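What you see is a predicted model, and the numbers here were worked out from it, not measured in a lab.
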Amino acid sequence: FPVTIKVRSIGELRASIGTFDGEPAFLIGRSSGSRIGGGEFRWSASSTATDNDGTIVGTAASGRWIRIVADVVETDWFGVSDTGADTSSALVAALAASANKTLRFSCSSGNSYFMASEAVVPNQCKIDLNGATLQFYRLGQTYLFTLDSVANCEICNGTIYNTGGSLGLSLDGYRQTIRGWNITNCRFANLTFGHGVGVVPCIAVYGKSQGIVVENILATKPSGYSDINTIFISHWWWNTPSYNKAVSTHTQVVAAFPSNPSYWVTNHPHEIVIRNIRSDHRLTQAFWFSGSYNVSMSNVDCAARIGAYVYPGDYGSDYAAPEYAGKVSKNILLSNIVFTEGESYGLYFTANGSSGDLGPCGPVACQVTVNNVVLAGGTGAGSGFGVFMSGEVNTRLCLGRLYGGWQYGVAIGNACYGVEIREFQISQCTERGISIASSSGQPAARNITVEDCWIFDNNTGQGNLL
């Protein structure tokens, strides 16, 4: 690499003008006296590309120094700093230069970076945190990362903390840390999430998204913070193109649901794999799936007031809008699941609305299969349900244990059809082990199978089974 120009800082490089096209230059370091952020450049005499302070340098009418880049972009090229100052603008620039490449945090494992504004993730970008911690401290309605109609992206290998606002990993929504629509073949792995304050999803998948993998996730709590809401999934929808509204304030792990019927009625998330998720404290809510299909979740161990919701395509006052007919959550497989310290619901499956009553769509199927699950109640469980179903079709619970003071073990309600409960152990409920009943004016449950179950030590005044 024959060097005709050697400079000691990026400012010095910017002030240098090449003498011929392709002329090489060597940057010793971003700052004089440092070797951090250095590298090799070549002069492009005709370039008018915008100076991004990392891979493109120069402000003349024409002519730019272009960094020689293979497959990896380093954050220190752009001045992403672990000094404790806000490094948002530098990370935004680094991401913009990382389409079809890996953006790697150039740090010693455990270094912390502070962010106060969002950054856009380009197409086919892998963000390797490389053991770093991102601390997001912006208060209000904002995001850490935005993904929008991108494919083959990945975020992995680090920690993301919320120390005063919204923080976590999510894909689209309102006040979520990573926001995006219509993402394809994206992976989020080997990540630790912690929240100090706020009710915001960590990992959420919206719109016409497919081929999503979420794996090896830990929900934790930053030192010195008392808030237990660490991993989130929220259910949101667009009421108008300019206003994004939260339907609930639950704290959750992974959410998947479509947007308003007027815009994305056919765009339901699908082909989603979630595995190896755990928490080291009690979450408000662990998982929420809505309007999703072909979802597999396995190897989960979380303490959670609410374990998992499975809902149709929308939720709220218009939960059963005709536009959503047939667009419910379906083909959901949950296996090797442990939810402890439950309060309201261990698992809540409904193909209808928030009340479980049928709406304009009538009874529609969720088609959920649960294998090898433990649902343990905790404080407040005496008024909750281990499993609640309404409007379910072809839903199966197999090989499970349910205990710990739930009011009802399994409640099978309106319009359920073809529900099977096999090889379940249900005990310590304050009222009934299994309840099969329907609301007034609603279709009855039918074709219910309960086989090889051990239902015992529940409230004898109410009975083990009704």
Side-chain angles (χ1 to χ4, degrees), residues 233 235 248 250 252-257 268-269 272 274 285-298 300 304-315 319-320 324 326-335 337 339 342 344-359 361-375 384-400 402 406-422 424 426 434-439 442-450:
I233 307 172
H235 190 290
S248 83
H250 290 306
Q252 304 146 15
V253 178
V254 179
F257 47 84
H268 287 238
I272 297 172
I274 301 163
Q285 181 171 310
F287 298 88
W288 186 310
F289 302 100
S290 179
S292 309
Y293 62 93
N294 297 348
V295 176
S296 172
M297 184 171 75
S298 61
V300 173
R305 187 177 68 87
I306 300 171
Y309 276 111
V310 178
Y311 270 103
D314 200 3
Y315 174 66
Y319 64 83
Y324 275 92
K327 297 176 176 65
V328 298
S329 294
K330 60 184 179 181
N331 299 336
I332 311 293
L333 173 61
L334 310 180
S335 58
I337 307 296
F339 289 131
S344 298
Y345 302 98
L347 301 173
Y348 188 0
F349 306 137
T350 178
N352 305 304
S354 56
S355 67
D357 293 343
L358 300 184
C361 293
V364 282
C366 273
Q367 300 175 2
V368 178
T369 299
V370 180
N371 292 319
N372 195 17
V373 62
V374 174
L375 304 173
F385 300 81
V387 180
F388 179 88
M389 303 182 193
S390 176
E392 293 300 297
V393 177
N394 299 334
T395 292
R396 298 172 177 84
L397 304 179
C398 304
L399 292 173
L402 191 154
W406 297 103
Q407 179 180 7
Y408 293 93
V410 179
I412 300 171
N414 303 329
C416 287
Y417 177 85
V419 173
E420 300 178 11
I421 305 174
R422 302 180 187 274
F424 241 69
I426 302 173
I434 297 179
S435 173
I436 304 173
S438 300
S439 304
Q442 296 295 316
R446 56 198 177 98
N447 286 27
I448 309 300
T449 301
V450 179

Compare every heavy atom of [Y] with every heavy atom of [X], then report the nearest pair and how far apart it is.
X	Y	answer
Trp406	Gly384	CE3-C, 3.7 Å
Met389	Val410	CE-CG1, 4.5 Å
Cys416	Ile448	O-CD1, 4.2 Å

Enter the distance from [X]:[atom1] to [Y]:[atom2] here, rounded to the nearest 0.5 Å.
X	Y	atom1	atom2	result
Tyr408	Tyr345	OH	OH	12.0 Å
Leu397	Thr449	CG	OG1	11.5 Å
Phe289	Ile272	CZ	CD1	7.5 Å
Ile412	Phe388	CD1	CZ	10.5 Å
Ser298	Asn371	OG	CG	11.0 Å
Asn414	Ser438	CG	OG	5.0 Å

Working for side chain to side chain contact (heavy atoms under 4.5 Å, CB included), residues Phe424 and Ile434: CA-CA 11 Å; Phe424 241 69; Ile434 297 179; over 6 Å; no
Listed partners of Leu399 passing side chain to side chain contact (heavy atoms under 4.5 Å, CB included), at least two apart: Glu423
Set of residues satisfying side chain to side chain contact (heavy atoms under 4.5 Å, CB included) with respect to Asn447, sequence neighbours excluded: Tyr417
Arg446: salt bridge (charged side-chain N to carboxylate O under 4.0 Å, His left out) partners, not counting sequence neighbours: none
Those residues that, when tested against Phe339, pass ring pair (Phe, Tyr, Trp, His ring centres under 6.0 Å) (two or more places apart): none
Flag side-chain contact, heavy atom, 4.5 Å: Leu347 against Leu334: yes
Any Val370 side-chain heavy atom under 4.5 Å of Phe349 side chain: yes
With Ser335 via side-chain hydrogen bond (donor to acceptor under 3.5 Å, both in side chains) - residues at least two apart: none
Side-chain donor-acceptor contact under 3.5 Å, Ser344 with Arg305: yes
